[in-house]
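In what follows, every heavy atom counts, from backbone to side chain, and hydrogens, waters and symmetry copies are set aside. Because the structure is predicted, anything quoted here is derived from the model rather than measured.
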Amino acid sequence: MLMKIKNHVLILVTCCMAYSSCTTTTENNPFFSEFKTEFGAPAFDQIKIEHYEPAFLKGIEEHNADIESIINNQQKPTFDNTIVALDRSGEILSRVTGVFFNITEAETNDQITELSMKIAPMLSEHSDNMYLNAKLFKKVDAVYKESKNNPGTLTREQQRLLDKFYKRFIRSGAALDHQKQARLREINKELSTLEINFSNNVLNENNSYQLVVDNEKDLEGLPEWFRQSAAEEANAAGQNGKWIFTLHNPSRLPFLQYAANRDLRRQIYTAYINRGNNNNENDNKEILKKVIQLRLEKANLLGFGTYSNFILDENMAKNSETVMAFLDNLWKYSLPNAQKEAKELQRLMDKEGKKEKLEAWDWWYYAEKLRQEKYNLNEDELKPYFKLENVRDGVFAVANQLYGITLTELNNMSVYHEDVTVFEVKDADGSHLGLFYADYFPRSGKKGGAWMSNYRDQYGEVRPHICNVGNFTKPTADTPSLLTLDEVETLFHEFGHALHGMLSKCNYVGVSGTNVSRDFVELPSQVLEHWATTPEVLKLYAKHYQTGETIPDELINKILNQKTFNQGFMTTELLAAAILDMNLHNLTDASSLDVIAFEKQAMDKIGLIPEIAPRYRVTYFNHIIGGYAAGYYSYLWANVLDADAFEAFKENGLFDQKTASAFRSNILERGDSEDPMVLYKKFRGAEPKLEPMLKNRGMQ
Ligand SMILES: [Zn+2]
């Protein structure tokens, strides 16, 4: 459930060497000017792989020229001639990064990977050239000082943008001496490559494992739809008559949930939790060690004792102490819950008389049995009501009832893969709000998980192009894509991020849309999840894919009754990963770090039970590589906000127009134009309370 971080302003600055040879090679490079398409949407049908590198080079060249003209402006530095000019600079670069970094996630191949390895250090260097440019910093510094000497001359949004830029220069080392700056450049460059290596290794490990079953007996317990998709997977791999299961969520999770064959469950589970830890060419242990060491060194250079405090200085939580106290407090509620659940699962196992002890690979299987015993609910009963298209139309309908917006499919848009659908988003008054790209099915070139990103940022009159990418259950030859409850909530979640992007109404790129602090960005996404399973909304979209029948009340009640089911497990694995992330980035000495031993120590210290692994182990913890370093806690932090925010809708009505409009105008439209807590209090009238979140997670 990532929100991909692709900050326009961060990815700026220069590789001089390769220039001239490359820029001339492609005359009709679609990135060189605005896309000549309806809405200025990415011209995927014209973009070829050979366009990217010249576009990056030209983009860097253009951006450098923009920066030069800011520096050479003889007038006194002002907000407009310096900060706004910076905010708007580098058009070509924005265009190409917007497309390229979405493609590297959603539709990559060896060539793209190779290219991204080449581009990453180039961009890192370009960014350093910009933020370590003394002449440029002098201008920004002058505007900053002027604003502090004459408070009130800028609007709140302008002041936020200025502060953000100023801080970014400081945090990039603009105020350091040359020697330290040189070291910082080296670190950034090295990190950029290491981080790509890490996530490519995870992708490779994900794709390289297959559990091939050739004996039908081993499929015991698996529902028919799942057998069928595994058979199709085998067919596609030229292994007719067999069944293939993979580490991707839509395959691994139902396998763990339904497969009676315990040893096969163990095999697939063990393969999953050892990704990046197999001492092969995809091993991430040394890479992570190096990343942690370099990050610590960087934080030290910039005057912070730990990398976590360097990161958190920009977040709502402010520092590591606050985050650790927050997590420790939740852990006290969550671990006992998980222990209680483990006992219940053990009781089920004991009933089978096999005298086996509950292991991590048994959890999903017995939890599913317990769900049936306790709530008489088989997750499989729900799936026919969750046809992907119906769920998607459901979330569109929710957005319509809340904010009056409409989404209409456009059939003439060019896309990078046939699975992608494009919608035009319009406001209640019919005005154009933006484009929404939906890309929902897994492919080998797509990274795991689900995320929101954009091709174009919103600012002023420019409307955004937003995408949601997921890895949801694929349709089979005779069944459409039928989602699990968890997938339904994920789809709503990502669309919540999309709304944050699409409804943005800011004047500057640097503060618009989802360019907010990491522990605030999950509020709009997580809050939307609450609508997914309310009876009123379920009746709106949950229609049987064959009969069209609306989901019966009996099933709705079962869904509601089991809301806190297995929450001890869910919260504990999430918290364990968040604590692991914090511990790694709280280090003050990483010289002899052994990441696996460190993980064990950290988990032993908090008393994590062996039946549960952290939701992500260190060697495949993509979040902490991809922008959520010292930031995985954000999901829980924002969970306090979203649970409290949804209370407002519970109090006033699920679609209460006053509440919806307050949420839209104070949160969804505002980006980072104001302090997040100020925005939240404007919406809610008070700071968020912890209780609703504890209650939702069955911890109170
Ligand atoms: Zn999210």
Side-chain angles (χ1 to χ4, degrees), residues 4-23 31 49-64 67 90 92-105 108-133 168-169 171-174 176 178-204 281-282 284 286-299 301-302 307 447 622 624-627 629:
K4 291 289 170 186
I5 300 155
K6 184 187 57 67
N7 196 326
H8 159 93
V9 205
L10 264 176
I11 311 181
L12 320 177
V13 192
T14 194
C15 166
C16 322
M17 320 297 267
Y19 266 40
S20 45
S21 61
C22 277
T23 39
F31 292 112
I49 192 155
E50 57 267 29
H51 290 140
Y52 288 116
E53 194 179 351
F56 274 108
L57 293 169
K58 175 106 171 169
I60 287 170
E61 190 181 71
E62 180 202 55
H63 194 222
N64 283 336
I67 291 168
I92 294 178
L93 204 49
S94 302
R95 210 151 34 232
V96 65
T97 51
V99 173
F100 185 72
F101 289 109
N102 275 296
I103 294 299
T104 58
E105 301 292 316
T108 192
N109 55 41
D110 290 348
Q111 252 183 307
I112 296 272
T113 303
E114 203 180 307
L115 193 55
S116 68
M117 298 292 284
K118 198 167 168 188
I119 301 293
M122 214 158 96
L123 288 179
S124 152
E125 190 180 351
H126 178 59
S127 173
D128 282 340
N129 285 346
M130 171 174 165
Y131 288 106
L132 297 176
N133 183 321
R168 197 166 286 154
F169 274 90
R171 289 171 61 82
S172 304
L176 297 180
H178 284 301
Q179 204 187 351
K180 284 182 175 164
Q181 286 186 347
R183 179 61 193 141
L184 207 53
R185 281 173 184 273
E186 283 169 19
I187 293 175
N188 288 339
K189 208 167 177 176
E190 208 177 338
L191 277 174
S192 70
T193 317
L194 286 168
E195 289 167 354
I196 292 180
N197 270 327
F198 185 100
S199 84
N200 281 331
N201 286 344
V202 177
L203 182 68
N204 290 340
E281 71 280 8
N282 297 323
N284 272 334
E286 280 306 305
I287 295 180
L288 183 64
K289 176 183 172 181
K290 195 80 207 149
V291 165
I292 297 294
Q293 287 172 340
L294 289 170
R295 283 177 176 172
L296 175 59
E297 189 186 347
K298 178 172 174 169
L301 276 172
L302 291 161
Y307 190 72
K447 306 247 158 105
N622 263 337
I624 65 171
I625 293 298

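Shown here for Lys189 and Pro121, the closest heavy-atom pair between the two residues is CG-CB, 3.7 Å. Of all non-hydrogen atoms in Tyr131 and Arg168, the two that sit nearest each other are OH-CD, 3.2 Å.
Ser127 places no side-chain N or O within 3.5 Å of a backbone atom of Leu123 that could act as its donor or acceptor partner.
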Apply side chain to side chain contact (heavy atoms under 4.5 Å, CB included) to the pair Asn200 and Lys447, showing each step before the final yes or no. CA-CA 9 Å; Asn200 281 331; Lys447 306 247 158 105; 3.9 Å; yes
Check step by step if side chain to side chain contact (heavy atoms under 4.5 Å, CB included) holds for Met122 and Leu57. CA-CA 9 Å; Met122 214 158 96; Leu57 293 169; 3.5 Å; yes
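The OG1 atom of Thr97 sits 11.5 Å away from the CD1 atom of Ile92 when rounded to the nearest 0.5 Å. Once rounded to the nearest 0.5 Å, the distance linking CD1 of Ile287 with CG of Asn282 reads 9.0 Å. Note that CG of Leu115 and OG1 of Thr113 are 9.5 Å apart. Values are rounded to the nearest 0.5 Å. Distance check: Leu302 CG to Arg171 CZ gives 8.0 Å after rounding to the nearest 0.5 Å. Of the inter-residue distances, the one linking His178 atom NE2 with Leu132 atom CG reads 10.0 Å to the nearest 0.5 angstrom. From Ile625, atom CD1 reaches atom CD1 of Ile196 across 11.5 Å, with rounding to the nearest 0.5 Å.
Contacts of Lys290 classified as salt bridge (Lys or Arg N to Asp or Glu O under 4.0 Å), with partners at least two apart in sequence or in another chain: none. Applying the ring-ring contact (aromatic ring centres under 6.0 Å, His included) rule to Tyr52 yields the partners Phe31, Phe100; only residues at least two apart in sequence or on another chain are considered.
The closest side-chain heavy-atom distance from Val96 to His51 is not below 4.5 Å.
Residues in residues 179-188 take part in these side-chain hydrogen bond (donor to acceptor under 3.5 Å, both in side chains) pairs, two or more places apart or across chains: Asp128-Asn188, Asn129-Arg185, Arg183-Glu186, Arg183-Glu297, Asn188-Lys298.
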